[in-house]
Structures are given as structure tokens and as C-alpha cells.
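Notes follow the structure.
Each chain gets a letter, A, B and so on, in the order the sequences are listed, and its residues count up from 1.
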Amino acid sequence: MTAPDSVAPALVAELQETLGDWFERTARPLPWRSPDRTPWGVLVSEVMSQQTPVARVAPVWLEWMERWPTPAAFAAASTADVLRAWGRLGYPRRALRLQECARAVVERHDGEVPEDEALLLALPGVGAYTAAAVMAFAFGRRSVVVDTNVRRVLARTLGGDALPMPALTAAESARAARVAPVSDDDAALWAASSMELGAVVCTARTPSCDSCPVSHLCAWRAAGYPPDEHAGRRRTQAWKGTDRQARGTVMGALRAAHGPVARAVLDDLWPDAAQLGRCLASLVEDGLVEQCDADLSGGPDGRAPRRDAGAAQVYRLPA
DNA sequence: AAATCGTGGCA
DNA sequence: TTGCCAAGATT
């Protein structure tokens with residue numbers, strides 16, 4: 001158990017006030033920040049933004065909320081429609097979980113997003129970050145929001161480090177909890193403003209320290225911008241030839257097809273047949289893909305579609 | 001608890 | 001050009 005770092009309360013208070021003022025002056029007009037936002041809209045925006053840049057999320061979110069304004073409306077959508085609307089946001093399992101989440105909200109909470117962090121956490125696809133974010137941004141309630149932006153801002157301003165560790169540590173969580181304001185309003189504003197700073201100014205690659213409202217308070221700057229201590233320990237995401245790329249290729253083809261796609265077509269898109277087969281199986285297992293029979297009618301007598309070894313394998317987005 | 005899961009923009 | 005990284009969750 002490591003000793004908690006000591007940060008002067010006056011410094012923290014000045015950080016909070018300066019960033020809060022800065023946020024209220026300069027916050028980006030993201031659509032889910034509009035005054036007529038709903039808790040469900042906020043939740044949707046948070047799930048879409050998990051590991052996806054908000055600039056890419058915004059247009060999808062607008063179309064999404066117009067089409068499915070409430071949990072009940074979204075709960076009734078077909079999986080294929082959901083996955084096509086999700087488009088190229090990435091990690092399509094999030095779209096599936098979001099629909100499970102909507103159905104859980106309908107069943108457990110009468111169609112209303114609960115104003116309770118533990119109940120939010122219990123929803124599919126909602127983890128510690130998203131539950132805290134919904135509490136703060138949808139309800140204006142106190143929570144400890146720790147995303148990649150907040151982690152970086154705290155690591156620099158308070159820790160004097162270039163970047164946080166690859167994975168969230170207990171010490172970081174403790175620090176974040178310690179600096180979160182007590183009142184609902186102040187905590188919600190702190191969450192929004194510390195995230196915004198990390199997203200817009202205190203960025204990972206080339207931070208804009210010249211235009212940073214709290215550069216005069218920043219420990220990393222005061223220390224002369226020491227380089228990342230654990231540089232090189234960050235594993236780079238492999239991509240080419242991976243299952244992820246194969247799965248993405250399949251999903252892209254099925255989204256574009258608006259109908260069943262034969263295995264032979266997919267074989268043309270991916271050179272390794274064995275890998276493709278494994279990925280198709282995993283996609284079916286995940287509920288992202290459905291295997292159907294080449295003869296969609298199932299025959300004039302309504303008999304069950306055949307799926308014997310010799311039949312052509314055909315895939316589509318789940319109905 | 002380390003691995004897995006998409007996609008695209010940018011330096 | 002290519003590695004880095006983006007409002008994480010799940011198992």
C-alpha cells in the first residue's frame with residue numbers, strides 16, 4: 001500500500017476554480033451537452049465514446065437519438081438496424097450491449113435511466129467510468145470521473161508525470177477521489193472541465209501548454225517536462241492480419257450488404273480461410289452475425305432451412 | 001489480471 | 001509512412 005501523495009488543498013481548489021471558469025467559457029458545444037439533453041442521450045453518448053473520438057461520435061449520435069429517442073424505442077429496434085446505424089464507430093459489441101442496456105432500463109427501471117451509480121453500474125456495457133459520467137453529466141450529481149483525459153491531467157498537474165501508467169492504478173483512483181469536490185455541482189463541473197482540458201488542451205501527443213489555463217499550476221511543467229518514465233512499456237496494438245481486422249472486414253461487408261452474404265464472398269475479402277472461419281464463429285458467438293441458409297424462403301412448404309455439410313454457408317446481421 | 005475487442009486521424 | 005491513441009468494458 002503506497003502512501004497517498006500530498007497535494008496542497010489550496011492548489012486543488014485553484015485548479016478546480018480555474019478549470020471550471022475556463023470550461024464555462026470555452027466548452028465545445030457537443031450535441032449531448034445541449035440544455036434539452038436527456039439522461040438516456042447522455043448514456044448513449046458515453047457508450048459511443050468508449051475508445052472512440054467524440055468527433056466521430058457526434059453525427060452518429062444525432063441520427064441515433066432522432067431515430068430512437070428513448071430506451072423503450074431503442075429496445076424494440078432490430079439488431080441489424082442497430083449495427084448498421086452504429087456504422088464505423090468500432091467495437092460493435094458496444095452496440096449490442098447498449099441495446100441490452102436499454103432493455104434492462106425498460107425492465108428494471110420502468111424505462112428511466114436510474115439516478116443511482118450502483119444501478120447504473122449494473123447495466124450492460126456500463127463500467128466505472130460510464131456510471132460516474134452519467135451521474136455527473138446527466139444528473140449533475142457528484143461522482144469521481146476517471147477517464148483517459150482525467151488520468152493524464154492529474155498525472156501532469158499533480159503528479160508531475162508526462163503520462164499515467166498504461167493501466168489505471170489504485171493510487172490514481174485514490175488521487176482522483178481525493179481531489180473531487182464535495183458538492184454535486186462542483187464535482188460535476190470538475191468532472192466536465194478536467195475531462196475537457198485533457199481532450200482539448202492537455203492532449204497526449206502535443207499538449208497546448210501555451211494556451212493552458214492551469215499551466216502555472218502544473219507540476220509537470222514546473223519540473224521541466226520530464227519524459228515519460230515507462231515509455232516503451234506500452235504495447236502497440238497489432239492490427240494487420242489479426243482477428244480484429246478479419247472481424248472488422250466481415251462486419252463491414254455485412255453492414256454494406258443489406259442482405260445475406262455467401263461465405264465465398266467473404267473468402268474473397270480475407271485470404272486465410274481458417275482464420276476467417278474462426279472469426280465467423282466468434283462473431284456468431286458474440287451475437288454480431290447470424291448464419292442462415294442460402295435458401296432464405298426455407299422452401300414453399302415452409303420446411304426448416306437445410307444446413308447440411310454440402311450447403312453453402314451464408315451470413316447476415318442478426319434480425 | 002492480462003488480453004481482447006474496430007476504426008480512423010494525425011504527427 | 002507508420003506508430004500512437006481515442007469519454008473503456010468484459011472476461
Tell me what [X] touches on the nucleic acid: a base, only sugar-phosphate, or nothing, going by heavy atoms under 4.0 Å.
{"X": "A:Arg151", "result": "nothing"}
{"X": "A:Leu30", "result": "base"}
{"X": "A:Ala204", "result": "sugar-phosphate"}
{"X": "A:Trp86", "result": "nothing"}
{"X": "A:Arg255", "result": "sugar-phosphate"}

Exercise. Got a sec: does the CD of A:Glu172 have more than 12 other heavy atoms crowding it under 6.0 Å?
Worked result: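 Yes - once you tally the heavy atoms of other residues, nucleotides and ligands closer than 6.0 Å, there are more than 12.
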For this session: Go through the structure and list residues passing side chain to side chain contact (heavy atoms under 4.5 Å, CB included) with A:Glu14, not counting sequence neighbours.
Result: A:Thr18, A:His216, A:Leu217
Using whole Å, report how far [atom1] of [X] lies from [atom2] of [N].
{"X": "A:Gln51", "N": "C:dG8", "atom1": "CD", "atom2": "P", "result": "5 Å"}
{"X": "A:Leu96", "N": "B:dC5", "atom1": "CG", "atom2": "C1'", "result": "13 Å"}
{"X": "A:Met48", "N": "C:dA7", "atom1": "CE", "atom2": "C1'", "result": "13 Å"}
{"X": "A:Leu280", "N": "B:dC5", "atom1": "CG", "atom2": "P", "result": "14 Å"}
{"X": "A:Asp228", "N": "C:dG3", "atom1": "CG", "atom2": "C1'", "result": "15 Å"}
{"X": "A:Leu197", "N": "C:dA7", "atom1": "CG", "atom2": "C1'", "result": "14 Å"}
{"X": "A:Arg244", "N": "B:dA3", "atom1": "CZ", "atom2": "P", "result": "13 Å"}
{"X": "A:Trp239", "N": "C:dT2", "atom1": "CH2", "atom2": "C1'", "result": "15 Å"}

Distances under 3.5 Å only, N/O to N/O: pair up the protein atoms with those of nucleotides 9-11 of chain B.
| from | atom 1 | to | atom 2 | distance (Å) |
| --- | --- | --- | --- | --- |
| B:dG9 | N2 | A:Arg205 | NH2 | 3.4 |

Donor-acceptor pair, [X] side chain versus [Y] backbone, under 3.5 Å?
{"X": "A:Arg94", "Y": "A:Met48", "result": "yes"}
{"X": "A:Arg156", "Y": "A:Ala162", "result": "yes"}
{"X": "A:Thr203", "Y": "A:Val200", "result": "no"}
{"X": "A:Arg151", "Y": "A:Met165", "result": "yes"}
{"X": "A:Gln245", "Y": "A:Gly241", "result": "yes"}
{"X": "A:Asp161", "Y": "A:Pro164", "result": "no"}

Exercise. Looking at A:Arg152, does any N or O in its side chain come under 4.0 Å of the phosphate oxygens OP1/OP2 on C:dA6?
Worked result: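 Result: yes.
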Problem set entry | Separation of the P atoms in B:dA11 and C:dA7, to the nearest angstrom | 15 Å
Exercise. Distance between the C1' atoms of C:dA6 and B:dC5, in whole angstroms?
Worked result: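 To the nearest whole Å, 14 Å.
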Exercise. Taking atom types as modelled, is there a side-chain donor on A:Gln50 or A:Tyr129 under 3.5 Å from an acceptor on the other?
Worked result: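 Note: A:Gln50 and A:Tyr129 side chains miss the donor-acceptor criterion.
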For this session: For the residue pair A:Trp64 and A:Phe74, categorise the inter-ring angle as parallel (less than 30°), tilted (30 to 60°) or perpendicular (more than 60°).
Result: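 Tilted: the ring planes of A:Trp64 and A:Phe74 meet at 30° to 60°.
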Exercise. Would you say the base of B:dG6 and the side-chain of A:Thr52 have a donor-acceptor pair closer than 3.5 Å?
Worked result: yes
Can you pull every protein N or O that's under 3.5 Å from an N or O on nucleotides 9-11 of chain C?
| from | atom 1 | to | atom 2 | distance (Å) |
| --- | --- | --- | --- | --- |
| C:dA9 | OP1 | A:Gly127 | N | 3.0 |
| C:dA9 | OP1 | A:Thr130 | N | 2.9 |
| C:dA9 | OP1 | A:Thr130 | OG1 | 2.6 |
| C:dA9 | OP2 | A:Tyr129 | N | 3.3 |
| C:dT10 | OP1 | A:Gly125 | N | 2.6 |

Exercise. Quick one: on DNA chain C, does A:Met195 or A:Lys240 contact a more 5' nucleotide (nearest heavy atom)?
Worked result: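 Result: A:Lys240.
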